[in-house]
K.L.:
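Questions regarding the structure given below will be posed in turn.
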Amino acid sequence: MDAADETTPALTTLLLYAGVIFGGLYFLRRWIKGRQFTERMSAKDKVAVVTGASAGIGLETVRELNYRKAKVYMLCRNEDRANEAKRKLVGCDPTRLIFVQCDLSSFESIREAAREITQAEQVIDILINNAGIMFYPKFEKTVDGHEMTWQSNYLGHFLLTELLLPALKRAQHGRIINVSSKLHHKSKKIDLTTVDDKKAFGMMQPYNRSKLANVMHAHELTKRLRKASVHNVTANSLHPGVIDSELSRHLPFVNKPLIRQIAKPITWFFMRTPKDGAQTTLYLALSKHVDGVSGKYFSDCKLEAENPVATDDAACEDLYNYSLEACGLQK
Ligand SMILES: NC(=O)c1ccc[n+]([C@@H]2O[C@H](COP(=O)([O-])OP(=O)(O)OC[C@H]3O[C@@H](n4cnc5c(N)ncnc54)[C@H](OP(=O)(O)O)[C@@H]3O)[C@@H](O)[C@H]2O)c1
Ligand SMILES: *[C@@H]1O[C@H](CO)[C@@H](O)[C@H](O)[C@H]1NC(C)=O
Ligand SMILES: *[C@@H]1O[C@H](CO)[C@@H](O)[C@H](O)[C@H]1NC(C)=O
Ligand SMILES: *[C@@H]1O[C@H](CO)[C@@H](O)[C@H](O)[C@H]1NC(C)=O
Ligand SMILES: *[C@@H]1O[C@H](CO)[C@@H](O)[C@H](O)[C@H]1NC(C)=O
């Protein structure tokens, strides 16, 4: 018997196994990355405002909106971080990237940013409330006296949304998008009397609470807009997936450089990239499939069920009233 006859079947088997393994890994990775927004929608002549534009999902959202020809206001709390971010936006048109200083943990800073934008723009087409902090380690109050995560993730965006709403209403199709999280499902009904109290604080609670409020806000805002006969502004929220971004910066264990190095291949394979994380945001900002859709919650570029608490009309209304007062917007 010839030696070649022995090796050929062995080689074929080996190649077959390798093919199956690599093919399997490829499709697993594709599945992990989630659905991508591939619709050929131009954002030419559109004005977009993105919070938390200096890193992660926000930065990738800015990149894609700019590629699609939108003018993008990058709201960042730190100018150095914003400049660093701009340098990463290779291939973007810098004349359509405008930095505006905005720290969501300060109502004054938000008001100043809104003033700057509305002085420059009559019309805003897209508002993306994306900035967020997670698992902030210590109980801390903002200059306005609210718990840090509650204001950074929720109240600050509430105020910004209210201040930019007149300009959004002037758009043909104004779209407000809230980057929430799947973790909002973990939150119990929000007790508005204790949100700023130390006894309601913990590693997890403020985050899922603030993210539930983002979803409730979309629900209530939709109701109010429709009641006021505004039909050209939509408001939706979403879960971006589990993304390898800087959001984990406050996690004590995960954030160690050594741990990050060791975990790198695992996170690289099993987590979504910030670009993947921007896909549902872009879908809600641009897709014609969501024209007129409002008050809903999305994940992976499709409709998902939200926490039932978020559709409790009375609770949503209560939250809205509370927020108007907390932001000094009482009418
Ligand atoms: N990553 C995930 O797996 C995941 C899952 C579910 C939901 N989300 C949501 O996705 C959104 C984006 O997160 P990410 O993953 O991209 O995180 P990230 O990489 O940490 O980016 C967060 C951004 O928010 C900004 N920011 C934080 N506090 C701010 C404040 N007080 N004022 C202004 N800007 C502030 C940060 O600015 P600096 O650069 O100055 O720090 C940064 O640009 C968040 O709302 C998060 O809750 C993420
Ligand atoms: C998003 O959440 C903010 C508060 O974080 C709220 O003011 C706004 O109405 C919400 N909008 C949408 C579209 O969910
Ligand atoms: C959007 O609706 C509001 C309220 O009905 C209206 O005042 C505004 O002119 C509309 N904008 C556009 C561009 O259609
Ligand atoms: C928030 O979510 C965490 C798990 O992610 C859970 O342990 C905690 O009880 C939740 N907090 C509230 C207030 O629902
Ligand atoms: C919210 O405020 C409005 C106007 O002040 C009031 O009519 C309504 O009853 C309030 N809703 C709740 C749930 O308190």
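In this text the structure is predicted, and so the values were computed from the model without any measurement.
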K.L.:
Determine whether more than 12 heavy atoms belonging to other residues, nucleotides or ligands lie under 6.0 Å from atom CZ of Arg260.
P.N.:
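Yes, the 6.0 Å shell around CZ holds more than 12 heavy atoms from other groups.
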K.L.:
Decide if atom NZ of Lys223 counts as having more than 12 heavy atoms of other residues, nucleotides or ligands within a radius under 6.0 Å.
P.N.:
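Enclosed: over 12 neighbouring heavy atoms sit under 6.0 Å from NZ of Lys223.
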K.L.:
Heavy-atom count around Lys33 NZ within 6.0 Å, excluding the residue itself: above 12?
P.N.:
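Yes.
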K.L.:
Are more than 12 heavy atoms from other residues, nucleotides or ligands located less than 6.0 Å from atom NZ of Lys44?
P.N.:
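It does not: Lys44 NZ has 12 such atoms or fewer within range.
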K.L.:
Applying side chain to side chain donor-acceptor pair (under 3.5 Å), run through His185 and Asn307 and close with a yes or a no.
P.N.:
CA-CA 5 Å; His185 278 290; Asn307 184 336; 5.0 Å; no
K.L.:
Whether the Asp312 and His219 side chains hold a donor-acceptor pair (N or O, under 3.5 Å, no angle test) is what I'd like checked.
P.N.:
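Asp312 vs His219: no donor-acceptor pair found between side chains.
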K.L.:
Are Leu155 and Val143 connected in the hydrophobic side-chain network, where two residues link if heavy atoms are under 4.5 Å apart?
P.N.:
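Not linked; separate clusters.
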K.L.:
Fit a plane to each ring of Trp150 and Tyr322, take the angle between them on a 0 to 90° scale, and name the class: parallel (under 30°), tilted (30 to 60°) or perpendicular (over 60°).
P.N.:
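The arrangement is tilted - the two ring planes meet at 30° to 60°.
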K.L.:
Hydrophobic clusters here meaning ILVMFWY residues chained together by side-chain heavy-atom distances under 4.5 Å, can you tell me if Ile110 and Ile98 are in one?
P.N.:
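In one cluster: yes.
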K.L.:
Once you round to the nearest 0.5 Å, how far does CG of Asn214 lie from CG of Leu238?
P.N.:
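Answer for the CG-CG pair, Asn214 versus Leu238, is 9.5 Å.
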K.L.:
For Ile124 versus Leu164, what's the shortest heavy-atom pair and its separation?
P.N.:
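Shortest heavy-atom contact: CD1-CD2, 3.8 Å.
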K.L.:
Linking I/L/V/M/F/W/Y whenever their side-chain heavy atoms sit closer than 4.5 Å, directly or via other members, would Phe298 and Phe37 fall into one cluster?
P.N.:
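Yes.
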K.L.:
State, to 0.1 Å, how close Asn208 and Ser187 come at their nearest heavy-atom pair, and which atoms those are.
P.N.:
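That closest heavy-atom pairing would be O-CB, 3.6 Å.
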K.L.:
Can you list the steps and then say if Leu282 with Leu65 is a side-chain contact (heavy atoms from CB on, under 4.5 Å)?
P.N.:
CA-CA 8 Å; Leu282 292 163; Leu65 287 171; 4.0 Å; yes
K.L.:
What closest approach, in Å, do Ser106 and Asp144 show between heavy atoms, and which atom pair accounts for it?
P.N.:
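Scanning both residues completely, I find the closest heavy atoms to be CA-OD2, 3.4 Å.
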K.L.:
Would you say the side chain of Thr280 lies within less than 4.5 Å of the side chain of Glu304, judging by non-hydrogen atoms?
P.N.:
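Not in contact.
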K.L.:
Do you see a donor-acceptor pair shorter than 3.5 Å between the side chains of Arg175 and Ser287?
P.N.:
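No, Ser287 and Arg175 have no side-chain donor paired with an acceptor closer than 3.5 Å.
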K.L.:
Give a yes or no on whether Ile243 and Phe135 share a hydrophobic cluster (residues Ile, Leu, Val, Met, Phe, Trp, Tyr; joining criterion: side-chain heavy atoms under 4.5 Å apart).
P.N.:
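Shared cluster, no.
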K.L.:
How far does CG of Leu165 sit from CD of Glu162, to the nearest 0.5 angstrom?
P.N.:
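Leu165 atom CG to Glu162 atom CD measures 6.0 Å (nearest 0.5 Å).
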K.L.:
In terms of hydrophobic clusters joined by side-chain contacts under 4.5 Å, are Val20 and Leu25 together?
P.N.:
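No, Val20 does not connect to Leu25 through the hydrophobic network.
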K.L.:
Within the 3.5 Å criterion, strictly below it, is a donor on Gln36 or Asp276 matched to an acceptor on the partner's side chain?
P.N.:
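Yes - a donor-acceptor pair under 3.5 Å links their side chains.
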K.L.:
With respect to Tyr154, which candidate in Ser323, Ser210, Ser180 satisfies the side-chain hydrogen bond (donor to acceptor under 3.5 Å, both in side chains) definition?
P.N.:
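Single pass found, and it is Ser323.
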K.L.:
Just wondering, more than 12 heavy atoms not from Lys189 lying within 6.0 Å of its NZ?
P.N.:
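No, the 6.0 Å shell around NZ holds no more than 12 heavy atoms from other groups.
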K.L.:
Side chains of Ser105 and Thr142: is there a donor and an acceptor less than 3.5 Å apart?
P.N.:
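Absent: no donor and acceptor within the cut-off.
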K.L.:
Between Thr161 and Asn129, is a side chain to side chain donor-acceptor pair (under 3.5 Å) present by the stated rule, with each step listed?
P.N.:
CA-CA 8 Å; Thr161 305; Asn129 291 321; 3.1 Å; yes
K.L.:
With no hydrogens and no angle check, do the side chains of Glu121 and Tyr73 hold a donor and an acceptor under 3.5 Å apart?
P.N.:
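Distance-only check passes for Glu121 and Tyr73.
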K.L.:
Do Tyr207 and Tyr136 have ring centroids that are under 6.0 Å from one another?
P.N.:
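Here the rings of Tyr207 and Tyr136 have centres that are no less than 6.0 Å from each other.
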K.L.:
Hey, are Glu147 and Arg209 close enough for a salt bridge, meaning a charged N less than 4.0 Å from a carboxylate O?
P.N.:
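Salt bridge absent between Glu147 and Arg209.
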K.L.:
Step by step, would you call Thr118 with Leu163 a side-chain contact (heavy atoms from CB on, under 4.5 Å)?
P.N.:
CA-CA 9 Å; Thr118 50; Leu163 297 174; over 6 Å; no
K.L.:
Can you tell whether the side chains of Glu84 and Arg87 come within less than 4.0 Å, N to carboxylate O?
P.N.:
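No, no charged N to carboxylate O under 4.0 Å.
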K.L.:
Verify side-chain contact (heavy atoms from CB on, under 4.5 Å) between Arg226 and Ser294, making sure each step is shown before the conclusion.
P.N.:
CA-CA 10 Å; Arg226 299 302 173 258; Ser294 194; 3.4 Å; yes
K.L.:
Looking only at heavy atoms, which two atoms of Val100 and Ala113 are closest? And how far apart?
P.N.:
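Scanning both residues completely, I find the closest heavy atoms to be CG1-CB, 3.7 Å.
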K.L.:
Less than 4.0 Å between a side-chain N and a carboxylate O, is that true for Lys71 and Asp93?
P.N.:
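Answer for the salt bridge query: no.
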K.L.:
Please determine whether side-chain contact (heavy atoms from CB on, under 4.5 Å) holds for the pair Leu251 and Met203, giving the CA-CA distance in whole Å, both sets of side-chain angles, and the decisive distance to 0.1 Å.
P.N.:
CA-CA 9 Å; Leu251 282 175; Met203 273 289 270; 4.1 Å; yes
